[in-house]
Asker: 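Here it is: the structure, laid out below.
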Amino acid sequence: YGDVLRYAGNFTLALHKRILGSNIEPRALMLLCGNLSPAYTALMIGGLLYGLVIVPVHGGLEIDALIQIFKKANPSLCV
């Protein structure tokens, strides 16, 4: 669990320093696509700690389904 928390903290720091900075809009969406794993969990926790609204998407979806989700959600960040 310590590794997951450390990775989540590192992702949160990277979001602030390199990706979103202070340009985050209120209730910004992060589309998180993947299969359940420690990395997926760390990214989800890191996004939540940063204040993002997470849109979890299964990594095995067909591309057409992913495109529809992307169009409807209009996320600020896709991981």
Side-chain angles (χ1 to χ4, degrees):
Y1 295 110
D3 287 344
V4 170
L5 183 58
R6 187 173 69 250
Y7 296 144
N10 289 342
F11 181 62
T12 302
L13 186 61
L15 283 172
H16 183 69
K17 284 187 172 181
R18 298 188 178 108
I19 301 170
L20 295 174
S22 60
N23 298 328
I24 186 171
E25 58 197 52
R27 301 190 55 82
L29 298 178
M30 178 175 83
L31 191 73
L32 180 57
C33 183
N35 298 319
L36 290 179
S37 67
Y40 183 92
T41 304
L43 291 171
M44 181 177 282
I45 292 170
L48 291 170
L49 288 172
Y50 196 71
L52 299 173
V53 176
I54 309 300
V55 180
V57 178
H58 191 277
L61 286 177
E62 296 290 328
I63 190 71
D64 292 336
L66 290 172
I67 290 170
Q68 288 300 319
I69 293 169
F70 183 83
K71 285 180 180 178
K72 288 182 181 182
N74 193 24
S76 301
L77 176 67
C78 296
V79 179

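We're numbering straight along the sequence, starting at 1.
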Asker: Out of curiosity, does Tyr50 fall in the hydrophobic cluster containing Leu13 (side-chain heavy atoms, cut-off under 4.5 Å, transitive links)?
Answerer: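 Shared cluster, no.
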Asker: At what distance, to the nearest 0.5 angstrom, does CG of Leu52 lie from OG1 of Thr12?
Answerer: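 Those atoms lie 8.5 Å apart.
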Asker: Hey, could you give me the OH/SG distance between Tyr40 and Cys33, rounded to the nearest 0.5 Å?
Answerer: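 The distance works out to 8.0 Å.
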Asker: Would a 4.5 Å heavy-atom cut-off, applied to side chains only, mark Met30 and Pro75 as touching?
Answerer: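 SC-SC contact between Met30 and Pro75 ruled out.
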Asker: Donor-acceptor pair, Ser76 side chain versus Ala28 backbone, under 3.5 Å?
Answerer: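 Checked: no pair found.
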Asker: Identify whether Leu29 and Leu66 are in the same connected component of the hydrophobic contact network (ILVMFWY, side-chain heavy atoms under 4.5 Å).
Answerer: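 Result: yes, single cluster for both.
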Asker: Just how far is it from atom CD1 of Ile63 to atom CD of Gln68, taken to the nearest 0.5 Å?
Answerer: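 Result: 11.5 Å between the selected atoms.
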Asker: I would like to know whether Leu15 and Leu77 meet side-chain contact (heavy atoms from CB on, under 4.5 Å); could you show each step before the answer?
Answerer: CA-CA 10 Å; Leu15 283 172; Leu77 176 67; 3.4 Å; yes
Asker: Is there a path of hydrophobic side-chain contacts, each under 4.5 Å between heavy atoms, that joins Phe70 and Val53?
Answerer: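 Both belong to a single hydrophobic cluster.
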Asker: Could you work out, with side-chain contact (heavy atoms from CB on, under 4.5 Å) as the rule, every residue matching Leu43, not counting sequence neighbours?
Answerer: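 side-chain contact (heavy atoms from CB on, under 4.5 Å) check on Leu43 returns Phe11, Leu32, Val79.
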Asker: Who passes salt bridge (Lys or Arg N to Asp or Glu O under 4.0 Å) against Asp3, sequence neighbours left out?
Answerer: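 Scan of Asp3 (salt bridge (Lys or Arg N to Asp or Glu O under 4.0 Å), adjacent residues dropped) gives Arg6.
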Asker: How many angstroms lie between atom CG of Leu31 and atom NZ of Lys72, to the nearest 0.5 angstrom?
Answerer: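 Taking CG in Leu31 and NZ in Lys72, the distance rounds to 13.5 Å.
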